[in-house]
There are 2 protein chains.
Amino acid sequence: MSGDVHAAVAARLQSADGRYTSARRRLVEVLAAAGQPLTVGDICRDSGLALSSVYRNLGVLEEAGIVHRLAGHDEFARFELAEELVGHHHHLACSSCGAMTDVRLPPDVEAELDRALSRLARKERFAIETHRLDVVGRCRTCASTGG
Amino acid sequence: MSGDVHAAVAARLQSADGRYTSARRRLVEVLAAAGQPLTVGDICRDSGLALSSVYRNLGVLEEAGIVHRLAGHDEFARFELAEELVGHHHHLACSSCGAMTDVRLPPDVEAELDRALSRLARKERFAIETHRLDVVGRCRTCASTGG
DNA sequence: CAACTTATCGAGAGTGAGTCTCATTCTGCA
DNA sequence: TGCAGAATGAGACTCACTCTCGATAAGTTG
């Protein structure tokens with residue numbers, strides 16, 4: 001993976017008064033290698049870290065704006081690198097197995113959506129931070145196996 | 001509230017082999033009156049039903065496609081009437097207090113979004129069922145109080 | 001209406017994802 | 001090398017949510 005991400009993470013952690021320890025580096029590597037949101041179970045397995053360390057460090061990284069927690073379609077929370085690091089994107093969320101895949105909208109559609117949401121928010125006096133767009137359905141695997 | 005919703009719910013429940021009992025009717029009334037997704041705590045308080053009954057009947061109603069469970073920004077699941085009953089809409093989700101408010105996109109924006117998502121999904125061989133769009137930010141109250 | 005059948009109700013026990021504790025280990029510094 | 005403060009991880013704990021099961025209500029049949 002690119003060293004840029006590690007540098008950016010180190011900088012963010014430093015300004016958040018945290019160390020870029022080997023455990024945290026491992027988490028970032030696992031998340032970056034996956035390229036899609038992972039459950040804590042996935043992260044534990046891939047990183048070899050203790051459950052409590054995974055949760056604690058994901059919390060630290062989330063606090064520092066490095067990872068992002070998202071509620072999927074199943075009972076498990078999923079984690080991914082923040083959009084500041086990997087760019088704005090959305091997800092295909094399988095309603096059968098819960099898997100999530102990153103996707104990006106064409107820039108013109110994204111721009112029009114942004115404009116429409118800004119108008120809505122202004123009317124409701126709502127201070128937009130970001131938006132989440134999930135496409136819910138059945139992933140390639142589940143659709144073909146009927147799982 | 002409109003009797004149409006009750007009739008539609010009764011029909012759906014019947015074809016799902018369930019009764020439209022007073023407890024279930026109360027749940028539908030509470031959800032319809034709220035006009036926004038509610039937590040189980042809210043629903044318990046407003047309906048006066050036992051916790052276990054609320055969960056069980058929300059499960060029955062969800063199975064029958066009458067209510068929809070959604071994972072919010074906080075630790076609580078939230079429930080609302082299905083879009084078939086109240087129409088397609090999205091949410092303003094407060095990242096501070098977790099509250100959610102219903103909003104609707106202009107039809108032309110919604111249509112363009114649909115087209116873009118269909119194209120994406122076709123490319124990924126993903127079978128779209130619906131999409132979820134949440135606008136994340138701070139609600140009027142939290143923005144003004146700094147809560 | 002009584003007896004029977006089947007579904008629903010709800011108090012309380014149980015489950016498990018996620019959090020917290022704390023003794024140990026690591027890191028940075030002088 | 002010694003010290004101070006932070007990080008680690010095994011395990012206890014929390015609590016939203018689910019399950020169990022005896023009690024109760026709603027149909028149904030004669």
Rounded interatomic separation in angstrom, taking [atom1] from [X] and [atom2] from [N]:
X       : N      : atom1 : atom2 : result
A/Arg69 : C/dA17 : CZ    : P     : 14 Å
A/Asp74 : C/dG16 : CG    : C1'   : 14 Å
B/Leu27 : C/dT8  : CG    : P     : 13 Å
B/Asp17 : C/dT6  : CG    : P     : 13 Å

If you group Ile, Leu, Val, Met, Phe, Trp and Tyr by side-chain heavy-atom gaps below 4.5 Å, do B/Leu61 and B/Val5 land in one group? yes

Given DNA chain D, 5'-ward residue of the pair B/Arg19 and B/Phe76, judged by closest heavy atom: B/Phe76

Should stems be defined as at least three consecutive Watson-Crick or G-U pairs with both distances under 3.5 angstrom, which of them involve DNA chain C? C:1-30 with D:1-30

If you look at every heavy atom in A/Arg78 and A/Cys97, which pair is closest and at what distance? NH2-O, 4.3 Å

Heavy-atom closest pair (A/Cys94 atom, A/His73 atom, distance to 0.1 Å) is O-CB, 4.1 Å

Which pairs count as salt bridge (charged side-chain N to carboxylate O under 4.0 Å, His left out) when at least one residue sits in residues 125-137 of chain A, sequence neighbours excluded? A/Arg132-B/Asp134, A/Asp134-B/Arg132

Tell me whether A/Glu83 contacts the main-chain N or O of A/His89 through its side chain, where contact means a donor paired with an acceptor under 3.5 Å. yes

Kindly compute the distance separating CG (B/Leu31) from CD (B/Glu80), expressed to the nearest 0.5 Å. 9.0 Å

From A/Leu133 CG over to A/Glu110 CD, what is the distance, rounded to the nearest 0.5 angstrom? 7.5 Å

Under the ring-ring contact (aromatic ring centres under 6.0 Å, His included) test, which residues partner B/His131, sequence neighbours left out? B/His88, B/His90

For A/Phe79, which residues count as a ring-ring contact (aromatic ring centres under 6.0 Å, His included) partner, sequence neighbours excluded? none

Contact check, side chains of A/Leu117 and B/Leu105, non-hydrogen atoms, under 4.5 Å: yes

Do B/Asp102 and B/Val86 have side chains that get closer than 4.5 Å, going by heavy atoms? no

Please tell me if B/Asn57 has a side-chain N or O lying less than 4.0 Å from either OP1 or OP2 of C/dC9. yes

Would you say a side-chain N or O of B/Thr21 is under 4.0 Å from OP1 or OP2 of C/dA7? no

At under 4.0 Å between heavy atoms, what does A/Arg56 touch on the DNA or RNA strands: base, sugar-phosphate, or nothing? base

When you list every nucleotide of DNA chain D with an atom under 4.0 Å from a heavy atom of chain B, which one comes first 5' to 3', and which comes last? D/dA16 to D/dA26

Strand-adjacent residues in residues 47-55 of chain A, judged by heavy atoms under 4.0 Å from DNA chain C: A/Ser52, A/Tyr55

